[in-house]
Visitor: 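This structure is in structure tokens; I'll ask about it shortly.
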Amino acid sequence: MKENLTPKTYDQIPEYMLSLDAFSQWLGIEIVEVREGYCKVKMTVRKEMLNSMKKAHGGITYSLADTAFGFATNTYGNKAVSIETSINHVEALEEGDVIVAESDVKSQKNKLGFYIVEVKKEDQLVALFKGVTYKTSAKWE
């Protein structure tokens with residue numbers, strides 16, 4: 001989707017958001033799957049993402065999870081923002097690892113949504129992210 005086009009349906013919103021998100025583009029994030037309240041994204045860990053121990057910086061895993069979370073929360077058509085997030089890092093990652101983040105809504109009430117994001121390398125859980133979102137009255141249109 002081009003930057004000057006606005007999304008018309010829930011599944012177009014994450015692509016539109018990604019087109020405006022230079023940081024997620026720099027990370028190399030690709031959208032794999034979108035449903036209402038759900039988004040799956042992936043990326044590859046690059047050399048410039050490593051810390052002094054030659055492992056992926058924790059911010060890389062967090063950023064991938066946060067992007068999946070942000071995209072999923074906005075699929076309802078209203079602009080939504082995070083109000084609280086946390087992450088547990090389970091396994092270290094190395095250059096060349098392909099990681100996938102799946103964000104799924106656990107509860108979406110009038111204004112507040114609660115999401116879990118699992119970050120995996122193949123079938124192995126490497127991080128668990130939890131987030132709370134606030135849905136504004138502004139529409140993606």
Visitor: Does Y38 reach the side chain of V105, with side-chain heavy atoms less than 4.5 Å apart?
Guide: no

Visitor: Contact between I13 and T75 at the side-chain level, heavy atoms closer than 4.5 Å - yes or no?
Guide: no

Visitor: Quick one: pull up CD1 in I116 and CG in D104 and give me the separation to the nearest 0.5 Å.
Guide: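 Going from the CD1 atom of I116 to the CG atom of D104 covers 9.5 Å.
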
Visitor: Looking at NZ of K79 and CD of E141, how far apart are the two atoms once the value is rounded to the nearest 0.5 Å?
Guide: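 It comes to 9.0 Å.
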
Visitor: Search all heavy atoms of A56 against all heavy atoms of N51 and return the closest pair with its distance.
Guide: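 What the structure gives for the nearest pair is O-ND2, 4.0 Å.
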
Visitor: Side-chain heavy atoms under 4.5 angstrom apart, residues restricted to Ile, Leu, Val, Met, Phe, Trp, Tyr: same cluster for Y134 and Y115?
Guide: no

Visitor: Please confirm whether the backbone N or O of A138 pairs with a side-chain atom of T136, one donor and one acceptor, at under 3.5 Å?
Guide: yes

Visitor: Rounded to the nearest 0.5 Å, what separates atom CD in Q124 from atom CD1 in I99?
Guide: 12.0 Å

Visitor: Hey, mind stepping through K135 and N74 against side-chain hydrogen bond (donor to acceptor under 3.5 Å, both in side chains) and telling me if it holds?
Guide: CA-CA 8 Å; K135 185 169 46 170; N74 280 275; over 6 Å; no

Visitor: Looking at every heavy atom in both S103 and A72, which two are closest together, and how far apart are they?
Guide: OG-CB, 3.5 Å

Visitor: Counting distance only, does the side-chain N/O of E15 pair as donor-acceptor with the main-chain N or O of Q12 below 3.5 Å?
Guide: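 Checked: no pair found.
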
Visitor: Would a single hydrophobic cluster contain both L20 and V81, if residues Ile, Leu, Val, Met, Phe, Trp and Tyr are joined by side-chain heavy-atom contacts under 4.5 Å?
Guide: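 Result: no, two separate clusters.
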
Visitor: Give, for atom CD1 of I83 and atom OG1 of T133, the distance between the pair rounded to the nearest 0.5 Å.
Guide: 7.0 Å

Visitor: Give the minimum heavy-atom separation between A101 and A65, together with the two atoms involved.
Guide: CB-CA, 4.2 Å

Visitor: As a quick check of understanding, evaluate ring pair (Phe, Tyr, Trp, His ring centres under 6.0 Å) for F69 and F129, giving each step before the final call.
Guide: CA-CA 9 Å; F69 168 60; F129 175 106; 5.5 Å; yes

Visitor: Taking all non-hydrogen atoms of both residues into account, name the closest pair between H89 and G58 and its distance.
Guide: CE1-O, 3.4 Å

Visitor: Report the C-alpha distance between L18 and I31 in whole Å, list the side-chain angles of each, state the deciding distance to 0.1 Å, and finish with yes or no for side-chain contact (heavy atoms from CB on, under 4.5 Å).
Guide: CA-CA 9 Å; L18 182 59; I31 297 170; 4.1 Å; yes

Visitor: Is L128 reachable from I87 through a run of hydrophobic residues whose side-chain heavy atoms are each under 4.5 Å from the next?
Guide: no

Visitor: Find out whether F71 and K40 are in side-chain contact, i.e. whether some heavy atom of one side chain is under 4.5 Å from a heavy atom of the other.
Guide: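 Answer no - side chains too far apart.
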
Visitor: Would you find a donor on one side and an acceptor on the other, under 3.5 Å apart, between the side chain of Q25 and the backbone of S19?
Guide: yes

Visitor: Any non-hydrogen side-chain atom of V126 less than 4.5 Å from a side-chain atom of K120?
Guide: no

Visitor: Within the supplied structure, the quantity of interest is the number of heavy atoms (other residues, nucleotides, ligands) at a distance under 6.0 Å from H57 NE2; does it exceed 12?
Guide: no

Visitor: Above 12 or not: heavy atoms from other molecules or residues under 6.0 Å from CD of E122?
Guide: no

Visitor: For the CG atom of N78 and the CH2 atom of W140, what is their distance to the nearest 0.5 Å?
Guide: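 Here the rounded value is 11.0 Å.
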
Visitor: How long is the span from the CE atom in M43 to the OG atom in S63, to the nearest 0.5 Å?
Guide: 8.0 Å

Visitor: Mind running side-chain hydrogen bond (donor to acceptor under 3.5 Å, both in side chains) on T85 and Y62 for me, showing each step along the way?
Guide: CA-CA 10 Å; T85 61; Y62 179 92; 2.5 Å; yes

Visitor: For the hydrophobic clusters of this structure (ILVMFWY residues joined by side-chain heavy atoms under 4.5 Å, transitively), does one cluster hold both V32 and V41?
Guide: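 No.
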
Visitor: Is there a side-chain contact between L93 and T61 (heavy atoms, below 4.5 Å)?
Guide: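 Yes - at least one pair of side-chain heavy atoms lies under 4.5 Å apart.
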
Visitor: With distance as the sole test, does T73 use its side chain to make a donor-acceptor pair with the main-chain N or O of G70 at under 3.5 Å?
Guide: yes

Visitor: Are L64 and V100 side-chain neighbours, meaning at least one heavy-atom pair lies under 4.5 Å?
Guide: no

Visitor: With heavy-atom distances below 4.5 Å as the criterion, would you say the side chains of L125 and V119 are in contact?
Guide: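 Sidechains of V119 and L125: no contact.
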
Visitor: Check each of E91, E95, E94 against K55 using the side-chain hydrogen bond (donor to acceptor under 3.5 Å, both in side chains) test, and report the only one that passes.
Guide: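 The single option meeting the side-chain hydrogen bond (donor to acceptor under 3.5 Å, both in side chains) with K55 is E94.
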
Visitor: Looking only at non-hydrogen atoms, find the nearest pair between Q108 and Y76 and report the distance.
Guide: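 It is OE1-CE1, 3.8 Å.
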
Visitor: Kindly say whether L27 contributes a backbone atom to a donor-acceptor pair with the side chain of R46 at under 3.5 angstrom?
Guide: yes

